[in-house]
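Presented below is the structure to which this report refers.
Every chain is numbered from 1 and lettered A, B, ... according to where its sequence line falls, protein lines coming before strand lines. Note: hydrogens, waters and symmetry copies are ignored here, and every other heavy atom, side chains too, is used.
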Protein chains: 2
Amino acid sequence: MTTQDRLIESTRTLLWERGYVGTSPKAIQQLAGVGQGSMYHHFTGKPDLALAAITRTAEERRAQAEAQLGGPGTAVERITAYLRREREVLRGCPVGRLTQDPDVMADPALRRPVEQMFAWLRERLAGILAEGLTAGELRPVLDPAATAATVVATLQGGYVLARAAAATGPFDQAIDGLLGLLTAAATSAPGSAA
Amino acid sequence: MTTQDRLIESTRTLLWERGYVGTSPKAIQQLAGVGQGSMYHHFTGKPDLALAAITRTAEERRAQAEAQLGGPGTAVERITAYLRREREVLRGCPVGRLTQDPDVMADPALRRPVEQMFAWLRERLAGILAEGLTAGELRPVLDPAATAATVVATLQGGYVLARAAAATGPFDQAIDGLLGLLTAAATSAPGSAA
DNA sequence: GTCTATAGCTGGATAGAC
DNA sequence: GTCTATCCAGCTATAGAC
């Protein structure tokens, strides 16, 4: 791994853990095992490093999502696979956490990858849900774009609940609850229990 | 308003906007219009001020939620009223945002009000949903606790999406999507469209 | 490319006068 | 109770040697 790469990875880790304000150039250097002069040789400063880190993180998450969403199966199956995939729940979402960072949101360059990543994800999910509606898999009363937003929000909010409780339970419950609702909204569900 | 109160309100505002690490005693004093010595006379330091601020904020949000959840109507009606109530969407949730603050989560005293507030909210909603199930208002396949977690997560995640997009639209969509799913899961829904 | 030295500024708090 | 002075550590970056 090159010096640049070590610095970027170090920055990614610290941004995830401590956010932008809470991450100092010094800490980045130490975690990367790189000297002061070296860091400022490769990057102009903290914002420059953050841009590289954020861009890489956003792209990685997008690729991870596509791995599940682009897989085989029905709409609900693919969404279920995405929601159920292994996650470091208590660490939260490295992209979502940036939305709480005013210095990141205030800088158009730093904000962009975050905005794009969520825009892409919502559209991707909306498309899959639309397929599910067309296929008669889901009740036609559902709005694909709105439901897609709910899916992403449940994930992001699930992280919040898990961190608040210092336990993964609430995250799993939120996902279970969402899948329960989706199942109940499936065209085949109606005459089940009761 | 007393000096203490001004300091607490100032701290609440700054914690909401910039988080714990991003909020300095100096900024608190300036926003409150209170001198250095005065601040340290009334509070032992930043953690002490934060505790007062966080406690007050958590209690306020809880009371606001109860205002809707304790109102009249069916389970779905009360939850709808809660989800639809006016919110400063782009500012995010002042309690939820604290879960992203490692220094807050690392301090048991500061963490407590956050944890309690979300625990209370999830239980309150689970109780209401259980009533809805008993009343035959919702399909019995739904799990009250899981669905409650989904409701809270959708709200919290809705804030994230709104901030990422710098627009309230995604928040509203997430809420719409959730209510759409809840409606589809209502016992009366089955034979609607299609 | 990497190192050390240096710099100005802010964070968070204490001390003691009034 | 409130004010000013002071303190040390850390943040962020630049300068210049090697």
Please go through B/Phe43's hydrophobic cluster and name the other residues, only I, L, V, M, F, W, Y counting, with side-chain heavy atoms under 4.5 Å joining them.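 Same cluster as B/Phe43: B/Leu7, B/Ile8, B/Leu14, B/Ile28, B/Leu31, B/Val34, B/Met39, B/Tyr40, B/Leu49.
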Between [atom2] of [N] and [atom1] of [X], the distance in whole Å:
X       : N      : atom1 : atom2 : value
A/Leu14 : D/dC11 : CG    : P     : 11 Å
A/Met39 : D/dT14 : CE    : C1'   : 12 Å
A/Tyr40 : D/dA15 : OH    : P     : 13 Å
A/Gln30 : D/dT12 : CD    : P     : 13 Å
B/Leu7  : C/dA13 : CG    : P     : 14 Å
B/Gln29 : C/dT14 : CD    : P     : 13 Å
B/Leu49 : C/dA13 : CG    : P     : 9 Å
B/Lys26 : D/dC7  : NZ    : P     : 17 Å

Nucleotide of D/dA13, D/dT12, C/dG12 approaching A/Pro47 most closely (side-chain heavy atoms):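 Of D/dA13, D/dT12, C/dG12, D/dA13 is nearest to the side chain of A/Pro47.
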C/dG1, D/dT2, D/dC11: which one has an atom nearest the side-chain heavy atoms of B/His41?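 Nearest to the side chain of B/His41 among the choices is D/dT2.
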What is the nucleic acid contact for B/Thr2, judged by heavy atoms within less than 4.0 Å: base, sugar-phosphate only, or nothing?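 Nothing, no nucleic acid heavy atom in range.
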With respect to the phosphate group of C/dT2, does any side-chain polar atom (N or O) of A/Thr3 fall under 4.0 Å of OP1 or OP2?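 For A/Thr3, the contact criterion (side-chain N or O under 4.0 Å from OP1 or OP2 of C/dT2) is met.
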Any side-chain N or O of A/Lys46 below 4.0 angstrom from OP1/OP2 of D/dT12?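 Answer is yes, contact under 4.0 Å.
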Could you verify whether a donor N or O on one side chain and an acceptor N or O on the other, from A/Arg97 and A/Tyr159, lie under 3.5 Å apart?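 No, no side-chain donor-acceptor contact under 3.5 Å.
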Would you check if there is a donor-acceptor pair between the side chains of A/Gln116 and A/Arg62 at a distance under 3.5 Å?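 Distance-only check fails for A/Arg62 and A/Gln116.
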Exceeds 12 heavy-atom contacts within 6.0 angstrom, atom CZ of A/Arg112: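 Open: at most 12 neighbouring heavy atoms sit under 6.0 Å from CZ of A/Arg112.
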SB check B/Arg56 B/Asp5 (cutoff 4.0 Å):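 Yes, charged N to carboxylate O under 4.0 Å.
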Using the closest heavy atom to pick a nucleotide of DNA chain D for each, name whichever of A/Thr44 or A/Gly22 lands nearer the 5' end.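 It is A/Gly22 whose nearest nucleotide is closer to the 5' end.
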Check side chain to side chain donor-acceptor pair (under 3.5 Å) between B/Gln68 and all other residues, then give those that pass, not counting sequence neighbours.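 By the side chain to side chain donor-acceptor pair (under 3.5 Å) rule, B/Gln68 matches no residue at all.
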Between the protein and nucleotides 3-9 of chain C, list every N/O to N/O distance that falls short of 3.5 Å.
unit_1 : atom_1 : unit_2  : atom_2 : d
C/dC3  : OP2    : A/Gly35 : N      : 3.3

Taking all non-hydrogen atoms of both residues, which atom of A/Ala162 and which atom of A/Leu90 are closest, and how far apart?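 Shortest heavy-atom contact: O-CD2, 3.6 Å.
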